[in-house]
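Everything on this sheet refers to the single structure shown next.
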Amino acid sequence: MKKLIALAVAALSIVPLPALAGSWKDIEQLATLVRATGTQVIKTECNEKAYGYYQYNKDAGIDRLVICTNVTDMSDPDAVWETLAHESTHVAQACVGSNVHKDTYMPRVFRALRTEAPHYAELLKGYSEDDVQSEAEAFYMELQSPTQVKRMMVHACNIDADDVAAVS
């Protein structure tokens, strides 16, 4: 019996787990989808300590997603993907005017953060009560597969089929 269990554990350990972080191709595809919403994607040094941020002000003509090159490790596709996935969630939230996920789904988001990424759950304590849900959703989307993040952008922002074809 012990040998059978050991064999099962060994077999499971060599099965490749799905890669959730994005490749350079996934990064470019997600950036293309973000641009399809009219949002600029900018890579620049920032004064803040943030990895990135999203700014939207219709009256001032500001609609940009910024990746802070002095904080995000631009040579690491995982780091770039996480920042882009997080900030693109804020773009999707702007498209729908609220959180992308229904309120009834939010307990699952918080549960996933507590179990899969407790450091993110801890970071949420530093946000204002008004921002906690939108930030939780953005952190949660960092944990999702590239396909799920791109699908979220397409659905939330009603992105044109031609733009979707460009990233398929």
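It should be emphasised that the depicted structure is a prediction, and the values quoted were computed from it without experimental measurement.
In this structure, Val41 is a member of the same hydrophobic cluster as Met141, with clusters built from ILVMFWY side-chain heavy atoms closer than 4.5 Å. Clustering ILVMFWY residues whenever any of their side-chain heavy atoms sit less than 4.5 angstrom apart, transitively, puts Ile27 in the very cluster that holds Val154. Residues Tyr53 and Val80 fall into different hydrophobic clusters, defined by Ile, Leu, Val, Met, Phe, Trp and Tyr side chains chained together at heavy-atom separations under 4.5 Å.
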side-chain hydrogen bond (donor to acceptor under 3.5 Å, both in side chains) evaluation trace for Glu142 with Tyr120 | CA-CA 10 Å; Glu142 288 184 43; Tyr120 285 158; 2.4 Å; yes

Might you work through the salt bridge (charged side-chain N to carboxylate O under 4.0 Å, His left out) test for Arg64 and Glu87, ending with a clear yes or no?
-> CA-CA 10 Å; Arg64 63 180 161 231; Glu87 300 308 332; over 6 Å; no

Could you walk me through whether Glu135 and His86 pass the side-chain hydrogen bond (donor to acceptor under 3.5 Å, both in side chains) check?
-> CA-CA 8 Å; Glu135 289 299 329; His86 183 105; 3.0 Å; yes

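Side-chain atoms of Glu137 come within 3.5 Å of backbone atoms of Val100 as a donor-acceptor pair (strictly under, hydrogens ignored). Looking at Ser23, its side chain does come within 3.5 Å of a backbone N or O of Asp26 through a donor-acceptor pair. At distances below 3.5 Å, at least one donor-acceptor pair connects side-chain atoms of Thr89 with backbone N or O atoms of Ala85. Without hydrogens or angle criteria, Thr72 side chain to Tyr51 main chain gives a donor-acceptor distance under 3.5 Å.
Within the model, atoms CG of Leu84 and CG of Leu65 stand 6.0 Å from one another, a figure rounded to the nearest 0.5 Å. One distance of note links NE2 of His90 with CG of Asp131; it measures 8.5 Å at 0.5 Å rounding. Atom CD1 in Ile159 sits 13.5 Å away from atom CZ in Arg151 (nearest 0.5 Å). Interatomic distance, CE of Met153 versus OG1 of Thr32, reported as 11.0 Å (0.5 Å rounding). From Ile42, atom CD1 reaches atom OG1 of Thr69 across 11.5 Å, with rounding to the nearest 0.5 Å. We find the CG-CD distance between Asn47 and Glu45 to be 9.0 Å, quoted to the nearest 0.5 Å.
Applying the side-chain hydrogen bond (donor to acceptor under 3.5 Å, both in side chains) criterion to Asp76, with sequence neighbours excluded, gives no partner residue.
Using cut-offs of 30° and 60° on the angle between ring planes, the pair Tyr127 and Phe139 is perpendicular. Ring pair Tyr56/Tyr54 is parallel by interplanar angle, where below 30° counts as parallel and above 60° as perpendicular.
Looking at every heavy atom in both residues, Ser134 comes nearest to Gln93 through O-NE2, 3.1 Å. Here the closest non-hydrogen pair linking Asn57 and Ala60 is OD1-N, 3.0 Å. The shortest non-hydrogen separation linking Trp24 to Ser75 is CZ2-O, 3.9 Å. Closest of all the heavy-atom pairs between Asp63 and Thr39 is OD1-OG1, 2.8 Å. Residues Thr37 and Cys95 come closest through the heavy atom pair CG2-SG, 4.2 Å. Closest heavy-atom contact between Ser88 and Val34: CB-CG2, 3.7 Å.
Counting heavy atoms from C-beta on, the side chains of Ile67 and Met74 come closer than 4.5 Å. Looking at heavy atoms from C-beta onward, Cys46 lies out of side-chain contact with Val71 at the 4.5 angstrom threshold.
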Pair up each side-chain donor or acceptor in residues 104-114 with any protein partner under 3.5 Å, not counting sequence neighbours, and list the distances.
from   : atom 1 : to     : atom 2 : distance (Å)
Tyr105 : OH     : Tyr140 : OH     : 2.8

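For residues 116-130, every residue pair satisfying the salt bridge (charged side-chain N to carboxylate O under 4.0 Å, His left out) rule, not counting sequence neighbours, is listed here: Glu122-Lys125.
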